[in-house]
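Written out below as structure tokens is the structure these notes cover.
Since the structure is predicted, the reported quantities are computational estimates derived from the model, not experimental observations. All chains are named by letter (A, B, ...) in the order of the sequence lines, taking the proteins before the strands, and each is independently numbered beginning at 1.
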There are 2 protein chains.
Amino acid sequence: MPFVRVEVCVLGLSESGLQVLLGQREAAPFAGQWALPGGVLRIDLDEDLDAAARRVMDERLSLTLPFLRQLVTVGSRTRDLDRAPWALSVVYRALVWVDQVQPLAGKRMRGLAWRPVEQAQSDATLAFDHRDLIALAVQQTRDEVDALTLPSGFVPSAFTLGELQALCERILGRALDKSSFRRKLHDRALVRPIEGAMKGGANRPAQVFELQR
Amino acid sequence: MPFVRVEVCVLGLSESGLQVLLGQREAAPFAGQWALPGGVLRIDLDEDLDAAARRVMDERLSLTLPFLRQLVTVGSRTRDLDRAPWALSVVYRALVWVDQVQPLAGKRMRGLAWRPVEQAQSDATLAFDHRDLIALAVQQTRDEVDALTLPSGFVPSAFTLGELQALCERILGRALDKSSFRRKLHDRALVRPIEGAMKGGANRPAQVFELQR
DNA sequence: TCAAAAGTGTTAGGCATACACCCATGT
DNA sequence: ACATGGGTGTATGCCTAACACTTTTGA
């Protein structure tokens, strides 16, 4: 049987756009190079694949990731020759707020750091095929936002439409039209106003919404 | 390490629409029930995951499948308790012409048979979660046709536009508008006429096309 | 002359973009 | 007053579905 690992592409949302969490490898293969965090599937600990991904990220980030989605599985004889004659990796994507995660080094990782996705997608020095995996994760995430199939559990329970739009724009890396955005939400009945709840700053107060169940 | 298998959801195109290839299981678990064909990953034989899927189908169908695409990976502690304490399956989808494959029983399968996808998708007696996997395969395949990202290598090297449209319609299970279909092909420059090549039946001859490289 | 399939044009509607404009509040 | 973000309306263009119509062959 092959050597089975789980890798997680953690995308982080920040003011400046999408970032990806990378760690610097300590051991071969690709020692010293940057890679997605991951870990070995433990059949004694993990109930299923999703649970394995959650456990691996728990250990690395001491934070239970709210939104995991399987991306792809890669495997071949030559993937990880230093450790096994045949290696298989199930790759997940997670989505978090950058300021809710403090990158701290774990075992077998010299350090964890956020990197802008544009930079990571054009960095040929990443370990394994992780550059391609990051590109895949970013693409899929942006497709989801385009289709407005929002990762429930990731968006806050209450928000103004302006906040929701800003969230989508930061993921997409481009501006959206306010009118079209709101019409789409309304037509598809994706959000519902919370009666009486308003949120005001130094300007006109905004209606607070929640996701339609 | 877990027990690793590869399952293949072979979709077959026939006059009457999409079909899926199912086999009747001989051994536990789910002995006697119908399931997707598959096999164990052999790290001594398979170079990578795609090669494993091709080998497994070679053994079952004595036919090298032209178009394989990974769908998803499922795994848990309880998936295949009769054979292993932890089982993982990488699921692929293939696309073939029904009349090019003669279903013949292989080892550990009492028989192989084509079943219409509509029927399979509502059959609660299929083994494992294979009903869901079939639904996923059908959905993804139809999405590809909708987007006109045709599986090159599956469509014949030369065809008339009528033939191509009929192919898409059989996959989708619904009729398409001739004019819209052709305009889309033309606008996106997906096909190219083969000079001088015409195909005639008992009616007006049609221009023969090939896929734009 | 007719049936059948190829191939073309025309119209109407839905959806997205762009942009203009009013509204309510704190400073 | 005015800057700021909330909220709404309108015009335009693109894509698509629907359908009508002509063309070319064999029977």
Side-chain angles (χ1 to χ4, degrees), chain A residues 13 15-16 139 142-150 155-212, chain B residues 15-16 142-150 155-212:
Chain A
L13 213 46
E15 298 304 321
S16 56
Q139 186 58 53
R142 288 184 170 160
D143 286 349
E144 283 174 20
V145 174
D146 270 329
L148 280 186
T149 54
L150 308 161
V155 295
S157 58
F159 47 82
T160 70
L161 296 188
E163 290 166 352
L164 185 60
Q165 181 174 345
L167 187 160
C168 291
E169 287 176 336
R170 284 203 298 273
I171 294 180
L172 292 173
R174 64 184 170 88
L176 294 173
D177 182 74
K178 182 167 53 165
S179 183
S180 308
F181 184 74
R182 289 170 185 227
R183 187 174 25 254
K184 213 182 314 188
L185 289 175
H186 180 264
D187 291 352
R188 304 190 195 170
L190 297 173
V191 295
R192 184 182 45 213
I194 301 177
E195 298 293 336
M198 302 293 277
K199 185 167 182 177
N203 44 29
R204 173 175 172 178
Q207 174 68 52
V208 177
F209 288 80
E210 61 184 346
L211 285 182
Q212 191 74 265
Chain B
E15 299 304 320
S16 56
R142 289 185 168 158
D143 286 348
E144 283 175 20
V145 174
D146 270 329
L148 280 188
T149 54
L150 308 161
V155 295
S157 57
F159 48 83
T160 69
L161 297 188
E163 290 166 352
L164 184 61
Q165 183 176 344
L167 188 159
C168 292
E169 286 174 338
R170 283 203 300 273
I171 294 180
L172 292 174
R174 64 184 171 89
L176 294 173
D177 182 76
K178 183 165 55 163
S179 184
S180 307
F181 184 75
R182 290 170 185 227
R183 187 173 24 255
K184 213 187 305 191
L185 289 175
H186 180 263
D187 291 351
R188 303 191 196 169
L190 296 173
V191 296
R192 183 183 44 212
I194 302 178
E195 297 295 334
M198 300 295 276
K199 185 167 183 176
N203 43 29
R204 173 173 173 178
Q207 174 68 53
V208 177
F209 288 79
E210 61 185 348
L211 285 181
Q212 191 74 265

*Between Asp187(B) and Asp177(B), name the one whose nearest nucleotide on DNA chain D is closer to the 5' end.*
Asp187(B)
*Considering all heavy atoms, the nearest Leu161(A)-Phe181(A) contact*: O-CE2, 4.1 Å
_Just the rounded figure in Å: distance from P of dA6(C) to CG of Leu176(B)._
14 Å
*asked:* Which residues pass the side chain to side chain donor-acceptor pair (under 3.5 Å) test with Arg204(A), not counting sequence neighbours?
replied: none
*Considering all heavy atoms of both residues, which atom of Lys184(B) and which atom of Leu148(B) are nearest to each other, and what is their separation?*
CD-CD1, 3.6 Å
_salt bridge (Lys or Arg N to Asp or Glu O under 4.0 Å) against Glu163(A), all qualifying residues, sequence neighbours excluded_ = Lys199(A)
*For the pair Gln207(A) (side chain) and Ala197(A) (backbone), establish whether a donor and an acceptor sit closer than 3.5 Å, ignoring hydrogens and angles.*
yes
*Do the non-hydrogen side-chain atoms of Gln212(A) and Leu190(A) ever get within less than 4.5 Å of each other?*
no
Please write out the pairs of protein N or O atoms and N or O atoms of nucleotides 11-13 of chain C separated by less than 3.5 Å, giving the distance to one decimal.
none

*Considering residues at least two apart in sequence or located in another chain, which fulfil the salt bridge (Lys or Arg N to Asp or Glu O under 4.0 Å) criterion with Arg182(B)?*
none
*Who are the salt bridge (Lys or Arg N to Asp or Glu O under 4.0 Å) partners of Arg174(B), not counting sequence neighbours?*
Asp146(B)
_Rounded to whole Å, please give me the gap between CD in Glu169(B) and P in dA5(C)._
13 Å
_Nearest-angstrom distance from the residue atom CG of Asp146(B) to C1' of dA17(D)_ = 14 Å
*Using whole Å, report how far CZ of Phe181(A) lies from P of dA18(C).*
16 Å
*Kindly say whether, by distance alone, the side chain of Ser179(B) makes a donor-acceptor pair under 3.5 Å with the base of dG7(C)?*
no
*Is Arg188(B) touching bases, backbone alone, or none of the nucleic acid, heavy atoms closer than 4.0 Å?*
sugar-phosphate
*For Leu176(A), does its backbone N or O pair with a side-chain atom of Gln165(A) as donor and acceptor, under 3.5 Å?*
yes
*Which whole-number value in Å describes the distance from Leu164(B) CG to dA5(C) C1'?*
16 Å
So which protein N/O to nucleotides 4-7 of chain D N/O distances come out below 3.5 Å?
residue : atom : partner   : partner atom : Å
dG5(D)  : O4'  : Asn203(A) : ND2          : 2.9
dG6(D)  : N7   : Lys178(A) : NZ           : 3.4
dG6(D)  : N2   : Arg204(A) : NH1          : 3.0
dG6(D)  : N3   : Arg204(A) : NH1          : 3.2
dG7(D)  : OP1  : Gln207(A) : N            : 2.7
dG7(D)  : N7   : Lys178(A) : NZ           : 2.5
dG7(D)  : O6   : Lys178(A) : NZ           : 2.9

*Whole-Å distance between dT25(D) P and Lys199(B) NZ?*
17 Å
